[in-house]
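Reviewing the structure listed below.
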Amino acid sequence: MRKQFKNSAILFLGQILIKGSNFAKQLILAFFLGVSAQIDLLLIAQIIPTIIGGMIAGGAGEILVINQKKNKEYDNQFVTLFIVAIVVITLVLCIIYLGLLPLTKSLFSVESNDYELFYLLSIFVLASKIPTSVVSGLQPLLYAKNKYSYFVISSIIAEITGIVVIFILVEKYGIVAFAIGLLIIPTLKSIFYLYVHNLKFKVAFNLKSWQEYKPQLLVNLKRVFSLSIQTLLNHLSNFWERTFSFKYLEPGFLSAIYYSKSLSELPKMAMLSSILTTTYIEQVNKKTEGESSYYSYSKKMEVLLGELAMLFQVLSILFGPLILIVIFRRGAFDAAAVENTFLIYQIFSIGFAPGLMMSFFSRMMYIEKEYNKLLYVIALKALLEFALMISLVQWSGYVIPAAIVVGKYFVSITLFIILIRKNPNIFNKYRFLAIYFSLITISIAILVINQQIISLLAELPLQIITLYYSPLLLLTGIFIVIWGKKRYGSEFKLL
């Protein structure tokens, strides 16, 4: 446990820098382009390429970690052939989509005068999916080999390089500069990952090697493809979110959703890439040691993650006005843009805890090899979100983020029920329900209060707003330190 806390701390601090640098790209975007139709166009150009990349490479790394470890070693020849197969499949699908790209003009209702820019953005986005498939396949393997520091350093270098390139090009090329950044960052990461894993790609040109590893490759690729349908369903919420926003709502609404969603999920992404990642690796190891060890550890981590998720969600909503104004209100992102974005941000924030727990429970379903049940749950989530969006989007655009939040609660609760039915003693159902009930009640109460004061705060000078929130920030800091020391003792001090 102590080792995991150390690795989690390294990853969490690294992710603060990595996600912070990634978020810096959005700040540049907001400063130069604000809430605009051009940003909407880039988001639309990313939809299908992201689905392609996620379907093929999204679960490849996890499959590799679960099924390839033997005596704490990995077969480099197999890993090389597996990654090559993933890249080739991704490349073929990207080329097919590029040929069909003109058809998307009517699908997304792209205006004729915007199509040339849409096409150019799509080319850069599609090209980025090739190195991204390498990164997706090799990153979990990096964690499994305890190379957390290498991951942090290489990722920060790649992110900073991307930001520098964007900053240099943005005034001349506008939104295209961000598409170029989307290509540069995963390309650099893939180079770093290929180097550290010391993969010998000459094996990919050896027909005998392919024949020798064919049975293993087919088994693992079959598992990847079985997860690809689930990944597709997961991405459908993004697909509908962006499509409906672009087609039915005013220009810039999709941009506001993009900023809000990214900001609300920033703590989750840091935790997902730190505590959840080390937890997943540790769960895989515990599973090999024995069922009792695995279940005991999982129960302990569910308690920890539940408490952290609740804390982060309440704080995200409580300090929502301060966070949004401090981070975004500058340049083209004025007070009006803050007000337009704020409610969307608050709605997404209500889904922070169930989103985090959904990721935790989903990975447990991987370990339990309950792929079919997980697929059915994700399919129901997709149908639920679609039904809410399509029936209510013309009544209010805020239905889009609300539907996504409802989907997260549905999946996290359903997976909890499935896991607890499989092993009734693994989690405390009364505690789980109490946390969710408290979360929803407190979050909605704070949201209502914040919505009443945001128009006033959006116009105030930053110094006044900071002064207004200072006592609350101080009290929150004191509470976290006292609670952390009392609840987790030495682990909290180490972290």
Side-chain angles (χ1 to χ4, degrees), residues 17-53 94 97-98 101 104-105 108 110-135 154-192 238 242 245-246 251-263 265-266 269 327-334 337-338 341:
L17 296 173
I18 294 165
K19 301 303 178 185
S21 61
N22 186 46
F23 200 67
K25 297 196 290 291
Q26 295 179 27
L27 295 181
I28 299 171
L29 194 66
F31 182 84
F32 284 99
L33 298 173
V35 177
S36 69
Q38 271 202 349
I39 301 173
D40 293 354
L41 205 62
L42 175 60
L43 297 174
I44 286 295
Q46 288 179 283
I47 294 179
I48 295 180
T50 299
I51 292 174
I52 291 172
C94 286
Y97 175 67
L98 186 61
L101 199 56
T104 60
K105 180 180 177 181
F108 298 123
V110 177
E111 299 290 338
S112 298
N113 56 339
D114 290 330
Y115 181 70
E116 186 177 342
L117 176 59
F118 173 74
Y119 192 87
L120 180 60
L121 293 173
S122 297
I123 289 174
F124 280 110
V125 172
L126 284 167
S128 72
K129 296 306 165 187
I130 309 307
T132 297
S133 63
V134 177
V135 173
S154 60
S155 297
I156 290 173
I157 293 172
E159 291 288 345
I160 291 175
T161 304
I163 290 173
V164 170
V165 170
I166 290 170
F167 197 78
I168 292 171
L169 299 178
V170 65
E171 286 198 63
K172 184 176 181 180
Y173 296 105
I175 195 67
V176 177
F178 294 90
I180 296 171
L182 288 174
L183 174 59
I184 288 174
I185 293 170
T187 300
L188 287 177
K189 284 185 180 181
S190 65
I191 293 170
F192 281 120
N238 280 336
R242 295 188 180 187
S245 298
F246 193 79
F253 192 89
L254 179 55
S255 307
I257 287 181
Y258 171 65
Y259 293 133
S260 304
K261 193 174 186 180
S262 300
L263 183 58
E265 292 193 348
L266 191 59
M269 295 310 295
I327 291 178
F328 277 116
R329 197 188 65 184
R330 56 181 56 84
F333 203 97
D334 55 15
V338 168
T341 306

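- Atom CD1 in Ile52 sits 12.0 Å away from atom CD1 in Ile47 (nearest 0.5 Å).
- Contact between Ser128 and Pro186 at its shortest, heavy atoms only, is O-CG, 4.0 Å.
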Checking Glu159 against Leu188 for the side-chain contact (heavy atoms from CB on, under 4.5 Å) test, could you report, in this order, the C-alpha distance in whole Å, the side-chain angles of both residues, the deciding distance, and whether it holds? CA-CA 9 Å; Glu159 291 288 345; Leu188 287 177; over 6 Å; no

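- Nearest heavy-atom pair, Ile185 versus Gly162, reported as atom, atom and distance to 0.1 Å: CG1-CA, 3.8 Å.
- Taking CD1 of Ile168 as the start and CD1 of Ile163 as the end, the distance is 12.0 Å to the nearest 0.5 Å.
- Here the CD1-CG distance, from Ile184 to Leu169, works out to 7.5 Å after rounding to the nearest 0.5 Å.
- Val125 and Ala45 get closest at one heavy-atom pair: CG1-O, 4.1 Å.
- Distance check: Ile160 CD1 to Phe167 CZ gives 14.5 Å after rounding to the nearest 0.5 Å.
- Looking at heavy atoms from C-beta onward, Lys189 lies out of side-chain contact with Ile157 at the 4.5 angstrom threshold.
- Rounded to the nearest 0.5 angstrom, Ile48 CD1 and Leu126 CG are separated by 9.5 Å.
- The side-chain heavy atoms of Leu98 and Tyr119, taken from C-beta on, include a pair separated by under 4.5 Å.
- In this structure, the separation between CZ on Phe118 and CD1 on Ile123 is 11.0 Å, given to the nearest 0.5 Å.
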Evaluate side-chain contact (heavy atoms from CB on, under 4.5 Å) for Phe178 paired with Leu182, printing each intermediate quantity in order. CA-CA 6 Å; Phe178 294 90; Leu182 288 174; 5.8 Å; no

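- No side-chain heavy atom of Leu41 sits less than 4.5 Å from a side-chain heavy atom of Ile175.
- When every heavy atom of Ala177 is checked against every heavy atom of Ile166, the shortest pair comes out as O-CG1, 3.5 Å.
- By the 4.5 Å heavy-atom criterion applied to side chains, Val176 and Leu117 are counted as neighbours.
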